[in-house]
Number of protein chains: 2
Amino acid sequence: MREAQAAPTITTHEVQRLRSATIKDVAERAGVSMKTVSRVINNEPSVHERTRAKVQREIDALSYQPDPSARSLRSTRSYALGLVYDNPNAHYIINLQRGVLAACRSSGFGLQIHPCDSASPKLADELCTLVRRSRLAGLVLAPPMSEQPQLIRTLSEAKIPFMRIISARQDPQDGYPCVYVDDRDAAYAITEHLIQLGHQRIGFLWGGREHRSSPERYQGYEDALKDYGIALDRKLIVPGDFTFDDGFRGARKLLALKDRPSAIFGSNDEIAAGVLAAAHSDGIHVPYELSIAGFEDSPFSKQSWPALTTARQATEEIARHAAQRLITDLQRDANGEPVNSTNEGFRPELVVRGSTAPRTAAVPRR
Amino acid sequence: MREAQAAPTITTHEVQRLRSATIKDVAERAGVSMKTVSRVINNEPSVHERTRAKVQREIDALSYQPDPSARSLRSTRSYALGLVYDNPNAHYIINLQRGVLAACRSSGFGLQIHPCDSASPKLADELCTLVRRSRLAGLVLAPPMSEQPQLIRTLSEAKIPFMRIISARQDPQDGYPCVYVDDRDAAYAITEHLIQLGHQRIGFLWGGREHRSSPERYQGYEDALKDYGIALDRKLIVPGDFTFDDGFRGARKLLALKDRPSAIFGSNDEIAAGVLAAAHSDGIHVPYELSIAGFEDSPFSKQSWPALTTARQATEEIARHAAQRLITDLQRDANGEPVNSTNEGFRPELVVRGSTAPRTAAVPRR
DNA sequence: TGGCCTATTGACACCGTTGTCATTTTGAAG
DNA sequence: CTTCAAAATGACAACGGTGTCAATAGGCCA
């Protein structure tokens, strides 16, 4: 049997030995005081380069890691971020977490995830309490919380550092830091793609109003039509939420029109999934009778049949970037350096798949 | 795009920290020593009932919350769990997190999420380090980590408390605590459902071997066939992984058979999504020419066309239960009480949707 | 009442780090 | 070679709890 061939095991004894080195151990080995080691850890100025190197060598040798409990107990600073979200979209959230976690890990920060109800009137209080109780250094705010002016103002007044991830065409320059995503531009690209395929009557299904990305995406749609000289037809524009059901219902409405659209642009992939289901249930062939586009590059968009044309947001990278900037700002601030970082923007990328095709295409024989 | 203007400054070092009450405040107001308050907080025995009441009153009056940093710094105990997972399935993970978080919140515990690579040979070390560095009181292990005997043994030897979520028909009674999910039973129900619809040739697509749920689900399939007197046909059974692509490829293989199956059971919804796509791409009508079943009740299963017949796992509840048990065990253990909790089981529930239909059904006219 | 045992309580050190402030070293100018 | 400010470093207390162990209170019995 394989039983005997044990893989490397950490025994209890070794665990005891592995009991982390403390700042004292490092100090002794480096022949300096604890305080000096502390200075090196915190990257404080006025440590002689020679000393810093010597200390760093011992830190590496012992693979010393400062104890977060002790740190946050003693200092006003803390070493954990909170990630605040309220989004039913699991795929988005997972990527958000991945990105923020990557930034936190590389900077030695912890992460406290905090799903919440964006519509709760007590949300601001809840977040303040969270920050205080969990000793968070700052918050990363995802949409739609990041887009609630009142909440942002309250956090700012409570002196809670944060970084927003928002949908915007450009830096909002509203005095609060953010990373912005140009949804309008991507929606423009999607609409343009449909137009270039020969579609003139393009339906649009709105997403939820509490998300700024909704008007942004609509704007991209409208701008593209205008630029290509296609008149806006109000009957082709349907309000709704970011849900499958609203996509299904909206599509049914559009497909029942006398002069029905040859393409439908759903504000996200879930809406587009509803459109796809509506088309299937009406026996309408996608993409030959109807082109469909979504937004988000969700797993669904790859797995549906046909796969959805959509826009890919680099959610993980955006989140990593947001968290990294927050951390950098926090550290700068703690060192008394000026915090003057620039808001950066990201642009989702058009992903063309099988759900969109030229308007004139014939249905292929089976 | 990246040239935006300077962003505002967040200044934290001027923050006047809203200091909450400490154990000292409570002690003074209650006229007892700090230590006694500590005893009350920790629910230790040998505190006079009168004293306990008096102290508790002041704790409530000040809405005092002990500082987790201070506690975990001084004592060996800590007040945070780790949630360890390696699963590409976002929906599953989100529900897992929800459940664990709910249990943690209600017990005043923190939560550290820890996505990882289940195949990494250094995983055991990584987890030991994680527990030590983040001072975690225990770990909740999701599949497939929870099903790696070597890892479990190592954690156990390192005296790291944990709770496993595993796939098993019944309590494994292997000496390590777990919450188990009877995948076999649900797979049996799905297969039975197909059989009762009149299907005799039912294809089966395996999931990844590193998950115990894979053989469990296969066993349910095999047992149901046997119980209904249907001979096993090896050609209808295809190995693979829990992926869309494997579902697609596996389905192509099955559908190319001379005597092709009239139903296909994919080991999870992602596989079933691949089967659905393969059927669509071959112009095979689902469910009238081919019934398809998945497993998991993912969002996809509701949004695909037709919606997938599947099995619903109460992931959130399972996770909450697992975390709650771990916390209870930890507290018992800290108080010196015997820890002797019973492993509990959950059973996924059959969800019938549009992707399965009687074998004899005719294709409806459009 | 005194003795003895147990239940209850408190004094104090200490966990690992950082803030404060004093002290030492360094380097450039005089 | 001084002188003096600036740079570099260190001593020590403190953060908010808990572990240890000694001290006190209370109850019971002779």
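Below, chains carry the letters A, B, ... as their sequence lines are ordered, and counting in each starts from 1. Bear in mind the structure is a predicted one, so any value in this text is a computation, not a measurement.
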Roughly how far apart are A:Leu127 CG and A:Ser120 OG, rounded to 0.5 Å?
9.0 Å
On DNA chain D, does the nearest nucleotide to B:Ser38 precede the nearest nucleotide to A:Met34 from the 5' side, or the other way round? Give the residue.
A:Met34
Could you tell me the separation between the CG atom of B:Asp25 and the C1' atom of D:dG16, rounded to a whole number of Å?
11 Å
Separation of atom NZ in A:Lys24 from atom P in D:dG10, rounded to whole Å:
15 Å
Check this one for me: any side-chain N or O of A:Ser33 less than 4.0 Å away from OP1 or OP2 of D:dT9?
no
Tell me the interatomic distance from B:Arg74, atom CZ, to C:dG16, atom C1', rounded to whole angstroms.
11 Å
Is any side-chain nitrogen or oxygen of B:Thr36 closer than 4.0 Å to OP1 or OP2 of C:dG10?
yes
Are any of the side-chain heavy atoms of B:Phe162 and B:Leu326 separated by less than 4.5 Å?
no
Can you tell which of D:dG16, C:dG16, D:dA11 lies closest to the side chain of A:Asp67?
C:dG16
Could you state the CD-P distance from A:Glu49 to D:dT9, rounded to the nearest angstrom?
10 Å
Give a yes/no answer on whether the side chain of A:Tyr79 brings an N or O atom under 4.0 Å of OP1 or OP2 in C:dG16.
no
Hey, are the side chains of B:Cys128 and B:Ile160 touching, using non-hydrogen atoms and a 4.5 Å cut-off?
yes
Regarding D:dG10, can its base be found pairing with the side chain of A:Arg39 as donor and acceptor, where the two atoms are less than 3.5 Å apart?
yes
In whole Å, I'd like the distance from the CD1 atom of B:Ile23 to the C1' atom of D:dC15.
13 Å
On DNA chain C, check which nucleotide each of B:Val47 and B:Ala70 is closest to and give me the residue with the more 5' one.
B:Val47
Assess, by modelled atom type and distance only, whether the side chains of A:Tyr180 and A:Glu344 contain a donor and an acceptor separated by less than 3.5 Å.
no
Are A:Thr51 and D:dT9 close enough that a side-chain N or O sits under 4.0 Å from OP1 or OP2?
yes
To the nearest Å, give me how far apart CD1 (B:Ile41) and C1' (D:dT18) are.
10 Å
Of all the choices, D:dA11, D:dT18, C:dT17, which nucleotide is nearest to the side chain of A:Lys35 once you look at every atom?
D:dA11
Counting any heavy atom closer than 4.0 Å, what does B:Val37 reach on the DNA or RNA strands: base, sugar-phosphate only, or nothing?
nothing
What orientation do A:Phe346 and A:His321 show, parallel under 30°, tilted 30 to 60°, or perpendicular over 60°?
perpendicular
Suppose we call a contact any N or O donor and acceptor under 3.5 Å apart; does that hold for the side chain of A:Arg71 and the base of C:dT17?
no
To the nearest Å, give me how far apart CZ (B:Arg50) and C1' (C:dT9) are.
12 Å
Interatomic distance where CZ belongs to B:Arg135 and C1' belongs to D:dG17 [whole Å]:
12 Å
